[in-house]
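Read the structure below first, then the notes.
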Amino acid sequence: MSDLGQISLFSGLSEETLEAIESLTTTRQYPKNSIIISESDVSNAMYLLMSGKVKVFLSDQEGREFVLNTLNPGGYFGELSLLDDETRTASVMTIEASHFKILTKPAFDQLRHDFPEINHILISNLVGTIRHLTENVKSLALKDVYGRIRKLLNDLVSESNSGKASGLIAEKLTQQEIANRVGSSREMVARILKDLITGSYIQIEKKKITVLKALPEHY
């Protein structure tokens with residue numbers, strides 16, 4: 001059975017098609033803190049994350065980062081390079097040692113020719129990804145800092161605990177990393193986390209956050 005069954009973009013494809021895709025990929029491994037692609041790079045490959053974790057981010061001339069997303073096994077990036085010839089829109093760095101399968105644009109074009117049914121499924125799955133990204137942008141535009149932190153913690157605890165609203169968040173997070181993800185200052189994040197600890201909503205030990213009960217809707 002193909003390992004690509006875990007890749008969300010390929011959900012709904014037949015085993016035959018998955019095996020055909022896998023036969024056209026190459027495999028690479030990167031250590032922690034490796035830059036895989038950089039914003040404005042020219043590239044023609046999509047990366048399929050088989051193990052490890054990466055962050056997708058933007059940075060300015062002063063070196064400040066804004067994290068757009070973090071990806072776990074089953075995630076992917078670089079898919080737009082299979083559809084156009086534009087440069088990369090963000091940078092990607094490994095948070096953990098990571099293993100990828102890489103699909104180039106020529107290989108993808110061959111797949112679309114050999115398996116025409118792939119087009120409808122991939123477009124449908126890409127729409128789902130775009131909807132998720134739109135929700136993240138909406139959150140940044142319409143929610144205050146606390147609202148963005150609450151959404152981040154709720155998403156992470158749900159991801160780590162099979163949809164539950166409380167429990168240990170598996171990922172270690174510094175205050176600066178949280179600030180990068182929600183577009184805020186570290187000082188503001190520190191103040192909000194301190195208040196959540198005081199209210200017995202969360203506890204933090206060794207950079208790991210446990211959500212003890214439902215976070216309040218308003219700060």
Side-chain angles (χ1 to χ4, degrees), residues 6-9 27-43 45-82 86-103 125-126 128-141 143 145 147-161 168-186 188-190 192-193 204 206-209 211:
Q6 68 171 307
I7 303 297
S8 57
L9 179 63
T27 299
R28 289 200 65 179
Q29 297 187 31
Y30 292 87
K32 181 180 179 180
N33 295 330
S34 298
I35 296 293
I36 309 303
I37 60 174
S38 296
E39 187 177 356
S40 299
D41 277 354
V42 176
S43 182
M46 176 171 66
Y47 291 75
L48 312 170
L49 181 58
M50 310 309 295
S51 67
K53 181 174 289 190
V54 303
K55 66 176 179 180
V56 183
F57 67 98
L58 303 173
S59 57
D60 62 18
Q61 293 180 341
E62 284 72 43
R64 292 174 298 190
E65 288 185 4
F66 176 68
V67 177
L68 298 171
N69 201 6
T70 58
L71 301 176
N72 295 303
Y76 57 90
F77 57 91
E79 68 279 7
L80 293 182
S81 69
L82 303 184
E86 299 298 320
T87 58
R88 300 293 193 181
T89 56
S91 301
V92 180
M93 185 175 80
T94 57
I95 299 173
E96 304 171 357
S98 300
H99 166 215
F100 301 91
K101 289 187 182 295
I102 303 171
L103 182 67
N125 291 340
L126 280 172
T129 299
I130 292 169
R131 288 187 187 279
H132 175 72
L133 292 174
T134 300
E135 283 298 314
N136 287 344
V137 173
K138 181 180 178 181
S139 174
L140 285 171
K143 292 183 179 179
V145 174
R148 299 199 293 270
I149 292 176
R150 179 177 182 269
K151 182 180 185 301
L152 174 64
L153 295 181
N154 283 340
D155 287 348
L156 290 175
V157 75
S158 176
E159 176 185 300
S160 299
N161 296 275
L168 175 67
I169 293 174
E171 184 178 343
K172 288 184 178 181
L173 289 168
T174 66
Q175 292 175 355
Q176 187 60 58
E177 286 168 338
I178 293 174
N180 291 344
R181 292 199 194 185
V182 301
S184 177
S185 67
R186 186 197 64 78
M188 176 63 77
V189 169
I192 291 172
L193 293 180
I204 303 177
K206 297 179 179 179
K207 299 181 183 177
K208 283 205 168 184
I209 300 173
V211 177

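Only a predicted model underlies this, so the values are computations on that prediction, with no experimental measurement involved. Numbering starts at 1 and runs along the sequence shown.
- Scanning both residues, S98 and V54, for their nearest heavy atoms gives OG-CG1, 4.1 Å.
- Distance check, rounded to the nearest 0.5 Å: OG of S91 to CG of D41 gives 7.5 Å.
- N161 places none of its side-chain heavy atoms less than 4.5 Å from the side chain of V211.
- Proximity of I36 to F77: side-chain heavy atoms (C-beta onward) are separated by under 4.5 Å at one or more points.
- Side-chain contact between I7 and K101: absent, with no pair of heavy atoms (C-beta onward) separated by less than 4.5 Å.
- In this structure, T94 and P31 approach most closely via the heavy-atom pair OG1-O, 2.7 Å.
- The heavy-atom pair separating A45 from S81 by the smallest distance is O-OG, 3.1 Å.
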### Message
Run M188 and V182 through side-chain contact (heavy atoms from CB on, under 4.5 Å) and show every step you take.
### Response
CA-CA 11 Å; M188 176 63 77; V182 301; over 6 Å; no
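- In the model, Q175 has a side-chain atom that pairs as donor or acceptor with a side-chain atom of R186 under 3.5 Å.
- The CG atom of N33 sits 10.5 Å away from the CD atom of E96 when rounded to the nearest 0.5 Å.
- Contact check for V92 versus L71: no side-chain heavy atoms found under the 4.5 Å cut-off.
- Counting heavy atoms of neighbouring residues, nucleotides and ligands inside a 6.0 Å radius, atom NZ of K208 exceeds 12 of them.
- Here the CD atom belonging to Q29 is positioned 5.5 Å from the NE2 atom belonging to H99, to the nearest 0.5 angstrom.
- Of all heavy-atom pairs between S38 and I35, the closest is OG-CG2, 3.4 Å.
- Taking every heavy atom of both residues into account, A90 and L68 meet most closely at CB-CD1, 4.0 Å.
- F100 and Y30 have perpendicular rings, their planes meeting at more than 60° on a 0 to 90° scale where under 30° would count as parallel.
- Residues satisfying the salt bridge (Lys or Arg N to Asp or Glu O under 4.0 Å) criterion with E171, sequence neighbours excluded, are K53, R181.
- Expressed to the nearest 0.5 Å, how far OG of S185 lies from CG of N180 amounts to 11.0 Å.
- Counting only heavy atoms from C-beta outward, the side chains of M46 and L9 approach each other to under 4.5 Å.
- A salt bridge between K207 and E177 is absent, with no side-chain N of the basic residue lying under 4.0 Å from a carboxylate O of the acidic one.
- Residues Y47 and I37 form a side-chain contact, since some pair of their non-hydrogen atoms from C-beta on lies under 4.5 Å apart.
- The heavy-atom pair separating P73 from M50 by the smallest distance is CB-O, 3.5 Å.
- S40 contributes atom OG, which lies 11.5 Å from atom CZ of R88 (distance to the nearest 0.5 angstrom).
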- [ ] List the steps and the verdict of side-chain contact (heavy atoms from CB on, under 4.5 Å) for L156 and L173.
- [x] CA-CA 11 Å; L156 290 175; L173 289 168; 3.5 Å; yes
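- Here OG of S8 is found 9.5 Å from CG of L48. Values are rounded to the nearest 0.5 Å.
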